[in-house]
Number of protein chains: 2
Amino acid sequence: MGAFLAMEEGYLEKLNHVERKKYLQKIKIVRHLYVKGARSNADICNRFSISSPTSMALLNELMADGLVEKQGRGESVGGRKPELYGLRNNSLFVLSIEMEKFSTRMAIFDGTNNNITGIHTFPLKLSKDLSAVEELYQHASSLVLSTGIDADKLMGIGLSMPGLVSSREGDSYTYLLTGQDETPLQDLLALRFSKPVYIQNDVKSITLAEHRFGAAQGKRDVLVLTLDWGIGLGIIQDGKLRVGTSGFAGEFGHIPFIDNGVLCHCGKRGCLETVASGSALARMAREGLQAGQDTLLKALSDQEPEKIEPQAIIQAAHEGDQYAINILAETGRNLGKGIAMLIQLFNPELIIIGGKMAEARQYITTPIQQSINTYCMTQLRERTEIALSKLGAQAGILGPVATVMERIFEHRIESTK
Amino acid sequence: MGAFLAMEEGYLEKLNHVERKKYLQKIKIVRHLYVKGARSNADICNRFSISSPTSMALLNELMADGLVEKQGRGESVGGRKPELYGLRNNSLFVLSIEMEKFSTRMAIFDGTNNNITGIHTFPLKLSKDLSAVEELYQHASSLVLSTGIDADKLMGIGLSMPGLVSSREGDSYTYLLTGQDETPLQDLLALRFSKPVYIQNDVKSITLAEHRFGAAQGKRDVLVLTLDWGIGLGIIQDGKLRVGTSGFAGEFGHIPFIDNGVLCHCGKRGCLETVASGSALARMAREGLQAGQDTLLKALSDQEPEKIEPQAIIQAAHEGDQYAINILAETGRNLGKGIAMLIQLFNPELIIIGGKMAEARQYITTPIQQSINTYCMTQLRERTEIALSKLGAQAGILGPVATVMERIFEHRIESTK
DNA sequence: TTAAACTTTTATAAAAATTTAATAAAAGTT
DNA sequence: AACTTTTATTAAATTTTTATAAAAGTTTAA
């Protein structure tokens, strides 16, 4: 298998046209089996428009390569039961790294997308300088070592981080800056790890996770909103993540929303994020407390007045606190107005709401829906479903896995053309 | 050629796998030659990853079918000059129909996208009932007859109309309603014309025209804004028109923009269209005149106070009228704020501004740019170019041609799979 | 319940199609 | 004029597909 998937420098260049075509077909079959699970020979024939003997020959080669194995018989559809071919267990692994501003999480996933290590958290801070690269490598190495899996079997590494990320260039424009005309971050990491590395913005990464593993599975036009301190948006159109020309699409939190509004941390005034995010919610709570509102939050604020977190407000709402419910509703109404714009612009079939704020459940979704009803054209809103994320906190660590799934085969397919 | 491109009922079903594959390859070559113009054999080999003898055989078949012909020699790149293969002149024609609320335009285009009939205008009104279908057919028939071209050579018909159109279903949700569970408009027309018909919303159709023939050629992430009485938006992402799950994406004119604003014709209040469109401009002008503003528009309004058209205001601005310039600037600033949202959400490389309002040129673009600078994140706006449409009024009639180009081959390719 | 008839899958051999390699002709460069 | 590069064509080698048969399972009907 080493020889086949590893794709050493110059490996592809040595192949002639027929061999490249065969390599391409094999990669596509592997992707198919990875994404869909074990499949029959007949299924592969149909999927790729090749004849049964050809498909059989490719599968035999993949079995000889050690990548594919027979995995029992499928259900009969009126005749002989088909042999099922699937990826060999323990033959493919993916390392997922989720970097946040103040901590970093890692986990290793197997070929059937099971987390085999649990989530390891490190207090690794995300800054502009590159020192984190080496630290990341050390943590990752010892994690891989601890599992005892063959380093050869680690197919690739996915890395998600906040801020502006150009996934095409493989570079961040906010953190771990390599400098202009320098090797992009992704290539730098790939060199250090000797593995393909794919970086992606955190929200876009979560969006891929929702599309691959969550409520957006099989949907073609989906928006994923992540509501934490800020507001994130991931866009799936015609079944693919769309990131725009530089990879920065989806800056929904910073659209102009309120005239002469509060100063946003982005430097502008009145961004949506100033009235519809976790930080907006916290600000409303602080202002309410200062104005002498009677609420469960008082107890909290007496201890640490500046440390009111959205989650405490959500908690209070679930305990029936009227003020918390009110400010959540205001946040939701603002957000809903923003979402109404999104529905009009993107005409999605589904909008998934995730992030910590999603834990407010009906206290946020009801006012959102109310705003949508007010601000959205009937024909559009009637065709849009709003749902809460099922993946929840898992989405963050599954994101890089989905990113690797999306890119590792594409990358190979591209370089074969 | 009749047999080849016509695709009679059941033609494809008769083919075995190899024949279907060959048919698919030939269709793809024809599309390539149609979109790119005459090409060499070597180019086709590279483009489709097939060997020279195979490609030559396919081209020979296409020549025997009467679809392709040799069209001279290309430039040498250091050796023998390549033979160029192109679509036979006068072998493919497209009928373009542009329906507006109060009139309908038609023209026939040849295989190199030249308008061979000029634009014929009919006072055909767009309503909910289907009586227009027969009228359309009669007009079209006599137009085709007048050119003397073989009806067989009419490849397809493109039809654009305002309102909600589901291009996938081939049905309008605003005009020419066929009723639920009835044959969609597109199929109804296809039956009457005995030709493939493709319908599309007017703005999306224009967007395709800009992408195929205008300033968006070769670009991958483009937004096209049409500014007339209303505001239209067409979205190209990753090189393709994106229309959303029901085909209604891009309802930019009716996003909520002003709290408690003017009543919009859509029924809601404060839509962007109420402060940033041609009708908003006309309203501002009327209000200004009533308030006694001193402006060149006075002369006009004295005659027909209710008939101030955006074009008159633009004209006045070009003549130096300060009031006209001011209200255009206000319209532009509002629009610019909306465009700032679009840039943040879509991260396009180019935004094309078309429609009659584009004739205001710097009087509209300068305030637009000013708003973008105010409301848009630096990293995003720096990577976005704003340009005026070069196609201008031509875009409307070229749109259905681009729609046919986009769909007619896809349609055949789909049904081969 | 059992056996025959029918489907689907798998395997293999013959037929067909495609690619590669080889070659000649054409066009440009030194 | 000699050499290089590219195109176009033919023949040989390879690959893919089709056709066929056997194996395995399901359904139908006695």
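Just so it is clear, the values below take in all heavy atoms, side chains as well, and ignore hydrogens, waters and symmetry mates. Each chain gets a letter, A, B and so on, in the order its sequence line appears, and its residues count up from 1.
When the C1' atom of D:dT7 is taken as reference, atom CG of B:N60 falls 14 Å away, rounded to whole Å. In this entry the distance linking CE of A:M56 with P of D:dT18 reads 18 Å, nearest Å. Distance B:Y23 OH to C:dA17 P: 19 Å, rounded to the nearest Å. The nearest whole Å value for the distance from the CZ atom in B:F48 to the P atom in C:dT19 is 14 Å. Here C:dA11 presents its P atom at 11 Å from CG of A:L59, a figure rounded to the nearest Å. Here D:dT7 presents its P atom at 9 Å from CG of B:N41, a figure rounded to the nearest Å. Distance B:N46 CG to D:dT6 P: 12 Å, rounded to the nearest Å. Here the P atom of nucleotide C:dA11 and the CD atom of A:E83 are 8 Å apart, to the nearest Å.
Remark: DNA chain C forms stems of 3 or more consecutive Watson-Crick or G-U wobble pairs, all pair distances under 3.5 Å, at C:1-30 with D:1-30.
Between the side chains of B:T54 and B:S51, a donor-acceptor pair is found at a separation under 3.5 Å.
Between the side chain of A:Q71 and the main chain of A:L87, a donor-acceptor pair closer than 3.5 Å is present. B:R88 places no side-chain N or O within 3.5 Å of a backbone atom of B:K70 that could act as its donor or acceptor partner. B:T117 contributes a side-chain N or O that, together with a main-chain N or O of B:I108, makes up a donor-acceptor pair within less than 3.5 Å.
Evaluation of the ring pair (Phe, Tyr, Trp, His ring centres under 6.0 Å) rule for A:F213 yields no partner, not counting sequence neighbours.
Heavy-atom distances to DNA chain D give each of B:S40 and A:S76 a nearest nucleotide, and the one nearer the 5′ end belongs to B:S40. Heavy-atom distances to DNA chain C give each of B:K81 and A:K81 a nearest nucleotide, and the one nearer the 5′ end belongs to A:K81.
Between A:R242 and B:D221 no salt bridge is recorded (no basic side-chain N to carboxylate O distance below 4.0 Å). Looking at B:K36 and B:D43, no side-chain N of the basic residue comes within less than 4.0 Å of a carboxylate O on the acidic one, giving no salt bridge.
Contact annotation: the side chain of A:P82 never approaches that of A:N41 to less than 4.5 Å [non-hydrogen atoms, C-beta and beyond].
Counting all heavy atoms, side chain and backbone alike, B:V30 lies closest to B:L67 at CG2-CD1, 4.4 Å.
Within the structure, every side-chain polar atom (N or O) of B:R73 is placed at least 4.0 Å from both OP1 and OP2 of D:dT7.
Evaluation of atom-type donor-acceptor distances gives a pair under 3.5 Å for the side chain of A:R80 against the base of C:dT9.
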Inset, instruction - Assign a letter to each nucleotide of nucleotides 12-17 of chain D from its 5' end: B, base within under 4.0 Å of a protein heavy atom; S, sugar-phosphate only; -, no contact. - result: ---SSB
